[in-house]
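Everything on this sheet refers to the single structure shown next.
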Amino acid sequence: MSTHDLITLPWRPRAKDFEQRSIAEGELPTVMRRHIFTGAMGGAYGLLTTHIFFVAFGNALGVTVFQWGLYGAITTFALAFQLLSAHWAAQLGQRKLLWWATETLSRVLKAIGLVTAFVFYTQGNLPAAAFSLIFWLCMSGVLAAMSQPIWFSWLADIIPAPIHGRFMGRRDVWVSLFIVALAVPAGWASDAFAGDAKTAVLMTILMAGIALGMMDVSIHRTIPEPPMAPDRETTFRERILTPLRDRNYRPWLLFAGAWNFAAFLGNTLANVYFIDHLGLSKDFLGGAVVLIAVPLLAIAVTSRWSGVLVDRLGVRRMLAVSHLCWAVVPIFWVVATPRTALFWLTVSMVISGAATSPAVNAANKLITRTPPRHLRAMYMAMSTCVGALAGGFGALSGGIFLTWFGDLEWILGGVTFVSFHLLFLASLVLRVASWTLLLRIKTPEFDRLPVNIVPDEAPVYIPSEASPEKAA
């Protein structure tokens, strides 16, 4: 996207922005660059408003461990609404308009939650501030969840299957570098102030993330949506049962459920532990570098070649390797102490970051390329729904456990352990156990296609309106 495009970009939505059309000859490289550009903005929005800065802001407002667990559970359970949005998209034959509407409203609600919570905070009403923050962000999370399968279905209509991995890898590089460029100065700014001033700085960072998010959804309107014939005959029940009846897809759903429960059990409250118990609340710059910059730089360094490997070695192998790396990450959280926190968290984030791109890349390729074109959104929604329900129970279980046994503490070999350590160890054991379920996934047919297309020279993908099944 050129500077001229940005200057002349209409910020108010118009009907013609959502008209479906095929991608013109030679247009694909430009569309791919726009996907990278908007991905950087959307990634910055997502990370700045949900990561260490958001957790620190919530802690300043008095959000309790149980409330954090409840928030994690609700926003995860909300992913079940993807089934509904995927059904609507198939019925309407529209994805771009539905995605834009849900994402825009989601980001507006998040802004409302942040502003109202901060106002209550300035008035000294911390219970109201914490409640307002959690309530509005849960509402925002429902809409954000609904938009995801629609976006991936839309993306899969644009990017040719043989270069899906390479394109997403290249996209991850630029997205990661952009977020790092924002996160490090944001961490420095957070350290420069204390007390109410620090809370105000955190609020400023969060609202900057909101602004980037609104730019993301607006610029997305310049990305074309290939036509998709609506299907108003298939019922909601029939549509959600289709992926469940797919024998080749069920092993992935089983793994997604088991893995998400194990991961969310330990991950949901990990940042709370890092900030409160490992002392990152006193070193936001170090925390931003370790928890944000390090994994993103690892993604930037590895994602381009790992994307190529997803296309060349296949999704099954890359899923197995990347998730095995993810499985061992909690052990570094257990051995970390306030004195060694930055070192061990750096090690864990390097491993986690390096595994992220191939894991997500391979998973998304598996989910979007397995079904026929008109069922992509529903397959994505079902995968997310299964993972969400399992992950939500994992997050809720972690919150309940820490509420009941939060004061648990014992000393072993001169080292002090707390209830968080038990949670991380349980997550580690369950991750390794669920990893074995990946071995049941069969090599998909699309992994047998030749990989001989250069992304910038990829052929234009023009779907057929009359036959969406053949266009897949």
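Not measured: the values here are computed from a predicted model.
Around CE of M203, the count of heavy atoms belonging to other residues, nucleotides or ligands within 6.0 Å exceeds 12. Heavy atoms of other residues, nucleotides or ligands lying less than 6.0 angstrom from CZ of F131 number 12 at most. Heavy atoms from other residues, nucleotides or ligands lying under 6.0 Å from CH2 of W326 number more than 12. By the neighbour-count criterion of 12 heavy atoms within 6.0 Å, atom CZ of R250 is densely surrounded, having more than that number from other residues, nucleotides or ligands.
At distances below 3.5 Å, at least one donor-acceptor pair connects side-chain atoms of T38 with backbone N or O atoms of H35. The backbone N or O of F152 sits nowhere less than 3.5 Å from a side-chain atom of N364 that would complete a donor-acceptor pair. T302 places a side-chain N or O within donor-acceptor distance of the main-chain N or O of A298, the cut-off being under 3.5 Å. Of the possible donor and acceptor atoms, none in the side chain of T436 sits under 3.5 Å from a partner among the backbone N and O of V432. Of the possible donor and acceptor atoms, one in the side chain of S322 sits under 3.5 Å from a partner among the backbone N and O of L319. Counting only distance, with no hydrogens or angles, the side chain of S153 and the backbone of P149 share no donor-acceptor pair below 3.5 Å. Checking side-chain atoms of N260 against main-chain N and O of G387 turns up a donor-acceptor pair under 3.5 Å. For the pair Q67 (side chain) and T64 (backbone), a donor-acceptor distance under 3.5 Å is present. Side-chain N or O atoms of S106 include one that pairs as donor or acceptor with a backbone N or O of S140 at under 3.5 Å.
Between W333 and F274, a ring centre-to-centre spacing shorter than 6.0 Å is recorded. Aromatic ring centres of H220 and W100: separated by at least 6.0 Å.
Looking at V63, I205, T49, T199 one by one, the single match for side-chain contact (heavy atoms from CB on, under 4.5 Å) with F57 turns out to be T199. Among V310, I367, N361, the single residue meeting the side-chain contact (heavy atoms from CB on, under 4.5 Å) criterion with V315 is V310.
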Query raised in the report: Does the side chain to side chain contact (heavy atoms under 4.5 Å, CB included) test come out yes or no for F236 and L83, once each step is laid out?
Result: CA-CA 9 Å; F236 179 64; L83 297 174; 4.1 Å; yes
Query - L297/L177 under side chain to side chain contact (heavy atoms under 4.5 Å, CB included): CA gap, chis, key distance, verdict - result: CA-CA 7 Å; L297 288 175; L177 293 176; 4.0 Å; yes
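Ring-plane geometry between F420 and F424 is classed as tilted, the angle between the planes lying from 30 to 60 degrees on a 0 to 90 degree scale. Relative orientation of the F54 and Y71 rings is tilted, given thresholds of 30° and 60° on the angle between their planes. Ring orientation note: the planes of W99 and W154 are nearly perpendicular, at an angle over 60° on the 30°/60° scale.
Residues that satisfy the side-chain hydrogen bond (donor to acceptor under 3.5 Å, both in side chains) test with S85, not counting sequence neighbours, are absent from this structure. Listed by chain and residue number, F77 satisfy the ring pair (Phe, Tyr, Trp, His ring centres under 6.0 Å) test with F393 (two or more places apart in sequence, or in another chain).
Inter-residue side-chain proximity for R95 and W151 is flagged as unmet; no heavy-atom pair is nearer than 4.5 Å. L212 has its side chain within reach of L182: a pair of non-hydrogen atoms, C-beta onward, lies under 4.5 Å apart. A 4.5 Å side-chain heavy-atom check between M380 and Q148 finds every atom pair outside the cut-off. Residues L430 and S434 are not in side-chain contact: their nearest non-hydrogen atoms beyond the backbone lie 4.5 Å or more apart. By the 4.5 Å heavy-atom criterion applied to side chains, R170 and M32 are counted as neighbours. Side-chain contact between L265 and L423: present, with at least one pair of heavy atoms (C-beta onward) separated by less than 4.5 Å. At a threshold of 4.5 Å between non-hydrogen side-chain atoms, the residues F167 and I36 count as touching. Using a 4.5 Å heavy-atom threshold, the side chains of M146 and W88 count as touching.
For the atom pair L155 CG and E225 CD, the distance stands at 12.5 Å (nearest 0.5 Å).
Cation-pi contact between R107 and Y45: present, with separation from the ring centre below 6.0 Å and deviation from the ring axis of at most 45°.
Residues S427 and R431 have side chains that bring a donor and an acceptor to within less than 3.5 angstrom of each other.
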Without placing hydrogens or testing angles, list every side-chain donor-acceptor pair under 3.5 Å for residues 338-347, not counting sequence neighbours.
unit_1	atom_1	unit_2	atom_2	d
T340	OG1	T337	N	3.0
T340	OG1	T337	OG1	2.9
T346	OG1	L342	O	2.5

